[in-house]
Amino acid sequence: MDVKPFEVGNVFHLKVFGSSHGPNVGVEVTGCPKGFAVSESDIQIELDKRKPGQSLLTTQRKEDDRVIVESGLENGVTTGGVIRMRIENKNAISAHYDKIKDTPRPGHADYPARVKYGLDADLRGGSFFSGRMTAAFVMAGALAKKILGKQGIKTMAFCKQIGEVKIMREVSEQEILGNVYQNLVRTAAPEAVDEMIAQVESARKDGDSYVFNGSK
């Protein structure tokens, strides 16, 4: 099947919904070609890569993150209509946030969210600013990955810097594809793994976080 190129934001539109401690997190995708072969397992493979609770370096919240496709796919083929997908929130424990309700967390949107939406806004778990919302983009990205792959376009990424530890050398496609999911910090350079882990653990011990430029 010939798939015409598409532009994200022009043809391929995303509408994200839900929140960290609400019933679910999901996405509606419009602009996906009709008759394109994609299965729930294609979406699930990508979701499994970001599933929480997989290591001590990430959130310890446990979620199955099983994709539920509500529309747009029939018998493993896109219908041309809106593709609506979601995952359920089953392990949202709001009590964990009681002690920090009035203490904005470093590296989070807690403070600007309160400035914009007020002190009474329900921002449990980061609400719709939570990192959990990235699951919606992963589901949509899985669709885009399939379409782009049909055009011979590969997508790949790796962690280049954590804190003061930065990979200075060039890494190959083979290193990215072979190494990223073999270590906790998702880097393509094995020699940087231990130092990157140490950076995360040090910041966590201090009750702090790191930003990309290497400063705390």
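Residue numbers start at 1 and run along the sequence shown. What you see is a predicted model, and the numbers here were worked out from it, not measured in a lab.
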_Quick check: do Glu164 and Gln199 have side-chain heavy atoms less than 4.5 Å from each other?_
yes
*Start with the C-alpha distance between Leu73 and Thr78, add both sets of side-chain angles, then the distance that settles side-chain contact (heavy atoms from CB on, under 4.5 Å), and finish with yes or no.*
CA-CA 5 Å; Leu73 291 179; Thr78 56; 3.5 Å; yes
*asked:* Any heavy-atom pair between the side chains of Ile167 and Phe158 that's under 4.5 Å?
replied: yes
_Before you tell me yes or no, could you show the steps for Val27 and Phe137 under side-chain contact (heavy atoms from CB on, under 4.5 Å), namely the whole-Å CA-CA distance, both residues' side-chain angles and the distance that decides it to 0.1 Å?_
CA-CA 7 Å; Val27 64; Phe137 295 100; over 6 Å; no
*Any Lys/Arg nitrogen of Lys166 or Glu195 sitting under 4.0 Å from an Asp/Glu carboxylate oxygen of the other?*
no
*asked:* Test side-chain contact (heavy atoms from CB on, under 4.5 Å) on Phe36 and Lys150; report intermediate values, then the result.
replied: CA-CA 10 Å; Phe36 192 82; Lys150 197 71 174 180; 4.1 Å; yes
*Looking only at non-hydrogen atoms, find the nearest pair between Val180 and Ala157 and report the distance.*
CG2-O, 3.5 Å
*For the side chain of Glu175 and the backbone of Ser172, is there at least one donor-acceptor N/O pair under 3.5 Å apart?*
yes
*Applying salt bridge (Lys or Arg N to Asp or Glu O under 4.0 Å), run through Lys90 and Asp65 and close with a yes or a no.*
CA-CA 9 Å; Lys90 297 181 178 180; Asp65 283 0; over 6 Å; no
*Rounded to the nearest 0.5 Å, how far apart are NZ of Lys154 and CG of Leu148?*
13.5 Å
*Can you measure from CD1 (Ile162) to CD1 (Ile197) and round to the nearest 0.5 angstrom?*
8.5 Å
*Salt bridge check: are Arg86 and Glu88 linked by an N-O gap of less than 4.0 Å?*
yes
*Do side-chain atoms of Asn183 reach the backbone of Val193 as a donor and acceptor pair under 3.5 angstrom?*
no
*Check whether Val25 and Phe17 end up in the same hydrophobic cluster, where Ile, Leu, Val, Met, Phe, Trp and Tyr are linked by side-chain heavy atoms less than 4.5 Å apart.*
no
_Taking Val82's backbone N and O only, do any of them form a donor-acceptor pair with Glu28's side chain (distance below 3.5 Å, no angle check)?_
no
*Just wondering, are more than 12 heavy atoms of other shown residues or ligands nearer than 6.0 Å to CD in Glu191?*
yes
*Rounded to the nearest 0.5 Å, what's the gap from CG on Asp48 to OH on Tyr181? Could you check?*
11.0 Å
*Can you see which heavy atom on Val29 is nearest to which on Ala140, and at what distance?*
CG2-CB, 3.9 Å
*Contact summary for Met196 and Cys159, nearest pair of heavy atoms*: CE-O, 3.9 Å
*Roughly how far, to the nearest 0.5 Å, is CE of Met139 from CG of Leu14?*
11.0 Å
_Closest non-hydrogen atom pair between Pro190 and Arg169, with its separation_ = CD-NH2, 4.4 Å
*Kindly check if the number of other-residue, nucleotide or ligand heavy atoms within 6.0 Å of CE (Met156) is above 12?*
yes
*Any side-chain donor near an acceptor of the partner, Arg186 and Asn179, under 3.5 Å*: no
*Answer yes or no: is there a side-chain heavy-atom contact under 4.5 Å between Val77 and Lys34?*
no
*Which heavy-atom pair separates Gly22 from Asn89 by the least distance, and what is that distance?*
O-ND2, 2.8 Å
*asked:* Among Val67, Val138, Leu143, which residue satisfies the side chain to side chain contact (heavy atoms under 4.5 Å, CB included) criterion with Glu46?
replied: Val138
*Going through the distances and angles, do Ile83 and Met85 end up as a side-chain contact (heavy atoms from CB on, under 4.5 Å)?*
CA-CA 7 Å; Ile83 300 176; Met85 301 174 288; 4.0 Å; yes
*Are any side-chain N or O atoms of Glu40 and backbone N or O atoms of Asp42, one a donor and one an acceptor, separated by less than 3.5 Å?*
no
*So, for Ser39 and Ser41, which heavy atoms are closest and what is the spacing to 0.1 Å?*
OG-OG, 2.7 Å
*asked:* Using the rule that Ile, Leu, Val, Met, Phe, Trp and Tyr join whenever any side-chain heavy atoms are under 4.5 Å apart, tell me whether Ile68 and Met133 fall into a single cluster.
replied: no
